[in-house]
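So the structure is just underneath, and the comments pick up after that.
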Number of protein chains: 2
Amino acid sequence: MISILEVPKKYLDIMAAGISLKELALELKLAPSTVSRALNDSYEISEETKKKVIRMAEKLNYHPNQFARSLRENKSKTIAVIIPERINNFFAQVMDGIEDIAQEQGYHLLVYNTHEDVDREKKIVNLLLNGRADAVVMSVSSQTSDISHLQKLYDRGLPLLFFDRICSEIPTTKFITNDYESAYDGTKHLIQQGCKKIAFLMISKELSITKERYRGYVDAINEAGLSAEPTLSLNCCMAEEENIKLITDMLWSENRPDGIMASVEKLAFATYQAVKRTKIRIPEDLKIISFSNTAIAGLLNPSLTTITQPALTIGQECAKLLIGKLTKPKHYDLINQVITIPSKITIRSSTVAE
Amino acid sequence: MISILEVPKKYLDIMAAGISLKELALELKLAPSTVSRALNDSYEISEETKKKVIRMAEKLNYHPNQFARSLRENKSKTIAVIIPERINNFFAQVMDGIEDIAQEQGYHLLVYNTHEDVDREKKIVNLLLNGRADAVVMSVSSQTSDISHLQKLYDRGLPLLFFDRICSEIPTTKFITNDYESAYDGTKHLIQQGCKKIAFLMISKELSITKERYRGYVDAINEAGLSAEPTLSLNCCMAEEENIKLITDMLWSENRPDGIMASVEKLAFATYQAVKRTKIRIPEDLKIISFSNTAIAGLLNPSLTTITQPALTIGQECAKLLIGKLTKPKHYDLINQVITIPSKITIRSSTVAE
DNA sequence: CATTATTTCGCAATCGTTTCCGTATTTTAA
DNA sequence: TTAAAATACGGAAACGATTGCGAAATAATG
C-alpha cells in the first residue's frame, strides 16, 4: 500500500499539469494498453491489476486526455443545443430538462444562442460538422427559411432533433406542444369571457409555432361567428419598444380589440407596457391571454392568464431519445415523427375579473 | 476550373460522411502537410496552391476533424461556464454577455448548471481537468465551502475566473458588483421611505454576495440608529413554498417588519406571494426592494423597486479577459484582483406609493 | 506428461491534424 | 558561371488514448 507521501518524486512536478497514460504505465511497469483496459474495466484484465492501476492513477492524479479519447472513439459525449434566445423562460426550462438527463448520462452540453439570426445559425451549424458534438438539439431561429445548412447537418449523419420551432423538411423526430389546440382553447376562453374583437399578436409568421397558433386562433374565431380581420393580426418584431408602439397604435385605432391572444410571452409583456400608458383596464376593457412559461405570471398587474408549455418535459424527452440513439443505436431511432406534449391553460386576472 | 458536376466520383459516397485531410491531399497530389498549411493560410505555401487547395476542399466538402486538431494543438477553443441556476435572469444575462464575446472570437461554450449542489459542482470540475475546455468561468454554488476541487482546477493551470459568487482563496480575477454599497443604498432608501423595522431575506449566509449585501444592510440600519434584530434576518432556502411559509410566519410575528431588503430576486417573488395571502398592502404597510434582473419588474403588482446588477457587462468582461488570456497570454494575465461593476437602483411602486 | 484451453498481458497500428526539419527547385547576387 | 539565398514543398514524428491480434504463462484435461 503506497501512501500519499510516497508518490514517486519524479512525478511531483508534473502532477499538477497532469501525466499521460504512457507515463502512468511506465510507473506501473505495464503496457499502456493494459493500463487503458484496466481503467476502462475491461474483462481482459485481472482484478488485481485493475486495483493496482486505479490506485496508482489516483495517486498520480491521472486524468485521461479527452481530446485523444474523442479522436480515437470519434465521439465526445457532447450534445449541442441551439436556441434562438436565452433570456426566455421557455428555452431556459427546456435547457434545464435537457441537462437533467444529460448530466445523469455523463453528457456535456454545448449551448449556442442564435439571437434569432439565421446567419449565426448557419455559422454555428457549420462548426458542428466534424467533431465537437455527437448530436444536435435545436429550435429554429425566426429568420430561417432556407434550410440547406440543416440538410447538410442531417446528411452528415449527425443525430438531429427539433423542438418547439421545428423544420418539417428534415426527416427526424420533433417535440412540440399542441400549439393549434392551445391557441384554439385560449381564444375560446376569450370568447367565453365576452370578447368580440380579438387580436392575434405574433413574431415571424413563417415559424411553425406561429402558423399553428394562428390556425387555432382563426378556427376559434370563425367557429364563434366572429371575423378574423387582418387589422387584428399584428406582426411584431424582436425590439420591445417597437412592439409597444405597434400595440399602442392598435389600441388607439378605430378597430380596437377587446381581447388579445399573444403567441409569445414577450408580446404579452409589451401589451402590458402599452396598456400602462393608457386608461385601458385589464380585463374590463381588454382581456389578455398569452403563451408564457414565466413563474411569476401570478404576480403581474394584473396576474396573467397563461398557456404554459411543458418545457422541462420537452427538454427531458429530447435528451432521453437523443442519448438513447447515441448509446443504444439498435434500440432507438430518430424516426420522422412529431411528438406532441400538451400545454396547460391557467386562468388568472387578465381574462377574468376578480 | 472544376465544376461541381466534376467532383471525382470516388468521393461522392463519402462526401456526406466527410473526408479526411489525407484524402483531400491525395486528390490534390500534394502532401497532407502542404494541404494543412494551405488551409491555415501559412506563409510557406504559394497563393496559387492555397487557392487550389481551398477550392478542392469546398468541392469535396472537407471539414477538419476537431478532435484531431484539439489533440494536436491541446486546445478546443471552448470555455466552460458553470452556473448555480439557469432559470434566473441574472445568470441568463451573464451567459448572453459571455456568449457575445465568445461567438465573436470563435469560442464555444460548454454550460453546466450545478443546481446549487456542491457534489454536482465537484463532479463537473473533475470532468474538466484534462482536455475539453480551455478555460472556466464560474459562479460558486451556495453549498460550496470546501474548495479543494477548485484549487485542483487552478493548480492544473487552466485559466479560471469567478463572477458574482466568488471564491477569494483562489488567486485569480473576480468580477462582482458593488453588493455592499447597493444593499446599503437600498436599505437607506427604505429608511428614507419611513421604514423602522427592515428585514433582510437571504439564501445561504456563507455566500460571498450574501455576506456583502448583509453588511451593507446592517451598516445602513446602524447608521440610522435602528437595530438589526436577529429575528429580522431570515435565512431562506431554494424551495419556493418553504420560503413563502417562512416569510408568512415572519409577517404574522409580533416583530413584523415594515420593510424588506431581499438579497435575491426569488425571495422578493416569494414575499409577493406571501403578501397576496394577507391584507398587507405594498408599499403602505410593507415596502420591498430586491436585487433583481428581471425585465418585467415594472409589470408586477405593485411594480418592484430593484437593484439591477450589470449582468451582461460582467459576462462580456469575463469573456474578454479570459479569451485575451487564451489568445494573447503575453498581454493578458488573470491577476488576483476583484473588479467591481456597480449595480443600479430603480425606484418603483413597491417602495414609493404612487 | 503432453496437449489443449483459458487467462492475462504486450506490440503495434490507428484515429486526423499540425509542425519540425530537410530537400529540391528557383531566384538572386557576386 | 558559380555560389548563396529564398521559395515551396514533402517525409516523418508528434499529440494521447484505444483496440486488433498475437504471444506467453497458467490451468485444465486426456
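Reminder, nothing fancy here: chain letters follow the sequence lines and each chain counts from 1.
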Discussion item. Is it the case that the base of D:dC9 and the side chain of B:S33 share a donor-acceptor contact (distance under 3.5 Å, atom types as modelled)?
Written reply: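 Result: no qualifying N/O pair found.
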
What is the distance from [atom1] of [X] to [atom2] of [N], rounded to the nearest Å?
| X | N | atom1 | atom2 | result |
| --- | --- | --- | --- | --- |
| A:L26 | D:dA17 | CG | P | 12 Å |
| B:R69 | C:dT17 | CZ | P | 9 Å |
| B:K22 | C:dC15 | NZ | P | 7 Å |
| B:L39 | D:dC9 | CG | P | 13 Å |
| A:K51 | C:dT8 | NZ | P | 13 Å |
| A:K52 | C:dC9 | NZ | C1' | 11 Å |
| B:L21 | D:dG11 | CG | P | 14 Å |
| B:Y62 | C:dT17 | OH | P | 4 Å |

Check the interface with nucleotides 6-8 of chain D: list each N/O to N/O pair with the protein under 3.5 Å, or write none.
none

Worksheet item: When the nearest nucleotide of DNA chain C is assigned to B:N65 and to B:R37 on a heavy-atom basis, which residue is associated with the more 5' position?
Response: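 By nearest-heavy-atom nucleotide position, the 5'-most residue is B:N65.
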
Worksheet item: Closest nucleotide of DNA chain C for B:A68 versus for B:T34: which of these residues is on the 5' side?
Response: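 Of the two residues, B:A68 wins.
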
Item to complete: Return the nearest nucleotide to the side chain of B:N130; candidates are D:dA17, D:dT18, C:dG16.
Response: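 Selected nucleotide: D:dA17.
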
Fill in: Closest to the B:R72 side chain, choosing from D:dA17, C:dG10, C:dT17
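Within the option list, the nearest is C:dT17.
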
Main chain of [Y], side chain of [X]: is a donor-acceptor contact present, judged purely on distance under 3.5 Å?
| X | Y | answer |
| --- | --- | --- |
| A:E317 | A:I314 | no |
| A:S76 | A:S70 | no |
| A:E121 | A:I82 | no |

Worksheet item: What does B:S20 touch in the nucleic acid at a heavy-atom separation under 4.0 angstrom: a base, only the sugar-phosphate, or nothing?
Response: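 The residue B:S20 makes sugar-phosphate contact but no base contact.
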
Practice prompt. Looking at every strand, decide which applies to A:N74 at a 4.0 Å heavy-atom threshold: base, sugar-phosphate, or nothing.
Written response: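 If one applies the 4.0 Å heavy-atom cut-off, A:N74 turns out to touch nothing in the nucleic acid.
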
Worksheet entry | The single option from B:T144, B:T114, B:D146 passing side-chain hydrogen bond (donor to acceptor under 3.5 Å, both in side chains) against B:K122 |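 Considering B:T144, B:T114, B:D146, a side-chain hydrogen bond (donor to acceptor under 3.5 Å, both in side chains) with B:K122 is found only for B:D146.
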
Worksheet item: For A:R156, which of A:V136, A:L128, A:N130 qualifies under side chain to side chain contact (heavy atoms under 4.5 Å, CB included)?
Response: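 Answer after filtering A:V136, A:L128, A:N130: A:N130.
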
Discussion item. Test of understanding: with salt bridge (Lys or Arg N to Asp or Glu O under 4.0 Å), list the residues that count as partners of B:D96, not counting sequence neighbours.
Written reply: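 Here the qualifying residues are A:R86.
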
Worksheet item: Under 3.5 Å, is there a donor-acceptor pair linking the side chains of B:E44 and B:S42?
Response: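 Indeed, the side chains of B:E44 and B:S42 share at least one donor-acceptor pair under 3.5 Å.
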
Worksheet entry | A:Q66 vs B:L30, nearer the 5' end of DNA chain D by closest nucleotide |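 The 5'-side residue here is B:L30.
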
